[in-house]
Amino acid sequence: MEHEDLDFIKKEDEEIYKAISGEEKRQKETINLIPSENYVSRAVRQASGSVLSNKYSEGYPGKRYYSGQEFTDSVERIAIERATKLFGCKYANVQPLSGDPANIATYFALADKGDTILAMDLSHGGHLTHGHSGFALSKIFKFVHYKMKNINTGEIDYDKLLSLAREHKPKIIVAGFSAYTRELDYEKFVTISREVGAYAMADIAHIAGMIAGDALPNPFDAGFDIITTTTHKSLRGPRGGLILIRKSKELAEKIDKAVFPGIQGGPHMNMIAAKAICFKEALQPEFQEYTKQILKNAKAIEEVLKKRNIRMIAGGTSNHMILTDVHSSFGVTGKEAQEILESIGITVNMNVIADDERSAKDPSGIRFGTPAVTTRGLKEKECELIANLMLDALENKNDENKKQKIADEVGELSKQFPIPDSF
Ligand SMILES: *Cc1c(COP(=O)(O)O)cnc(C)c1O
């Protein structure tokens, strides 16, 4: 990553200049295994900082509430066209500010106050927007949860999913996760949704890139009605959300209304331009190579964990995400493990494991994934090395000398693999 041009910030605001420069240095010098993070291209960063930030564009292309929309209309139309091409569907709304608003708008579009939404249990991998008690919409909709049947293989309890669907008659069944490491049986979700008259919705926030790059199956191929996602995880775009509708015009119109004026005001056109650039990048053949390598790199890490007998939830990974039980494997909590790994220059995040007896603030697990390291060009060999270094650090958590040596090795590796400006 070329040094960011921050001249104007430096002149005007020394404090923020220092913070941004510090963050740039931190990113360059550490190895990032947080599965929800990635490095965007310089082009995406330029679009997010562009003059489009100055424009109000409430409404949709051709139907705005302010004048002067010649270029913003073109930006949004291009973004929509690329998004539908990338995911093989008819309609897209590119305005959601992030993943949460994409889900919130979708719930409001498809369900009414008091209706039921059936989604993955949070400790089994579901996201906060799938019905956490602190999620504001848990007061408006009734969330019911399915789980894994077998924590060691990750198999979902589809019989229970079916019986819950028959019992609660949900308006929406959500297939998606933020900490689940296996593939879902999309056909089963669609069959069950059809039987009970629910919309089949996939929240692919973490694996959007993998699906766009053909490294994992696309829920639309199984007949899902609607997909929501973020654009900043494996899809490697700017921070943002996206809603995709397979073919129903009526549904697409409901979604548009639910986003604006439903829950948002003016769209962030700078970010929509950045999304459009990200979609263009993801449509290139190189992106398919990239996503296949994400998976190979994750498998290389999984192999090391298996060899060294580390407990993984669901026994391993099929989608690049890995969830380890560090509490039973190393006698440290997720928070402690996160801190030990940060001290050697590897960033990961703590996470609850299935039916965790510990709390989300200090859970039993560590979650990691490989989109960011793969962007930096690391391959299987280096991922194996990182996995071994992580485990060495956790095993030698009280040996400061050993940890310093490991940190030096991680630092060396970071230097060898600079963050690219384009792909
Ligand atoms: C990350 C994520 C989201 C939310 O995205 P934000 O951009 O953080 O709001 C929603 N659903 C799933 C499954 C996610 O992993």
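Values reported hereafter were calculated over all heavy atoms of this structure, with side chains retained and with hydrogens, waters and symmetry mates removed. In each ligand, atom 1 is the first atom listed, and ligand 1 is the first ligand listed. Heads up: numbering here begins at 1 and tracks the sequence.
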Per atom 11 (N) of ligand 1, closest listed option by heavy atom (Thr230, Ile204, Asp203): Asp203
Whether Tyr158 and Phe189 hold their rings parallel, tilted or perpendicular, with breakpoints at 30° and 60°: perpendicular
From Met321, His127, Met120 - option closest to atom 3 (C) of ligand 1 by heavy atom: His127
Proximal atoms of ligand 1 relative to Ser178 (non-hydrogen, under 4.0 Å): 15 (O)
Within-cut-off N or O pair, Gly240 and ligand 1, under 3.5 Å: no
Side-chain donor-acceptor pair present, Glu76, Ser57, cut-off under 3.5 Å: no
For Gly99, atoms of ligand 1 separated by under 4.0 Å from a heavy atom: 4 (C), 5 (O), 6 (P), 7 (O), 9 (O)
Lys NZ or Arg CZ of Arg236 over Phe423 ring: under 6.0 Å, within 45°: yes
Modelled atom types, side-chain donor and acceptor of Tyr290 and Thr374, under 3.5 Å: no
Polar atom proximity, His130 to ligand 1 (N or O, under 3.5 Å): no
Parallel, tilted or perpendicular: ring planes of Phe143 versus Phe141, cut at 30 and 60 degrees: perpendicular
Carboxylate-amine/guanidinium contact Glu81 Lys85, below 4.0 Å: no
Atom 7 (O) of ligand 1: nearest protein contact (heavy atom, Å): Ser98 OG, 2.4 Å
Ligand-side contact atoms (ligand 1) for residue partner Phe177, heavy atom cut-off under 4.0 Å: 13 (C), 15 (O)
Under 4.0 Å to a heavy atom of His206 - the qualifying atoms of ligand 1, by number: 15 (O)
Any Phe87 side-chain heavy atom under 4.5 Å of Leu242 side chain: yes
For Ala205, the ligand 1 atoms whose distance to one of its heavy atoms is below 4.0 Å: 2 (C), 11 (N), 12 (C), 13 (C), 14 (C), 15 (O)
Distance filter under 4.0 Å to His232 heavy atoms, resulting ligand 1 atoms: 7 (O)
Between Glu58 and Gln264: side-chain donor-acceptor atoms closer than 3.5 Å: no
Within-cut-off N or O pair, Asp100 and ligand 1, under 3.5 Å: yes
Check: Gln293/Asn297 side-chain N/O donor and acceptor closer than 3.5 Å: yes
Region of Lys233 engaging ligand 1 - heavy atom pairs below 4.0 Å: side chain
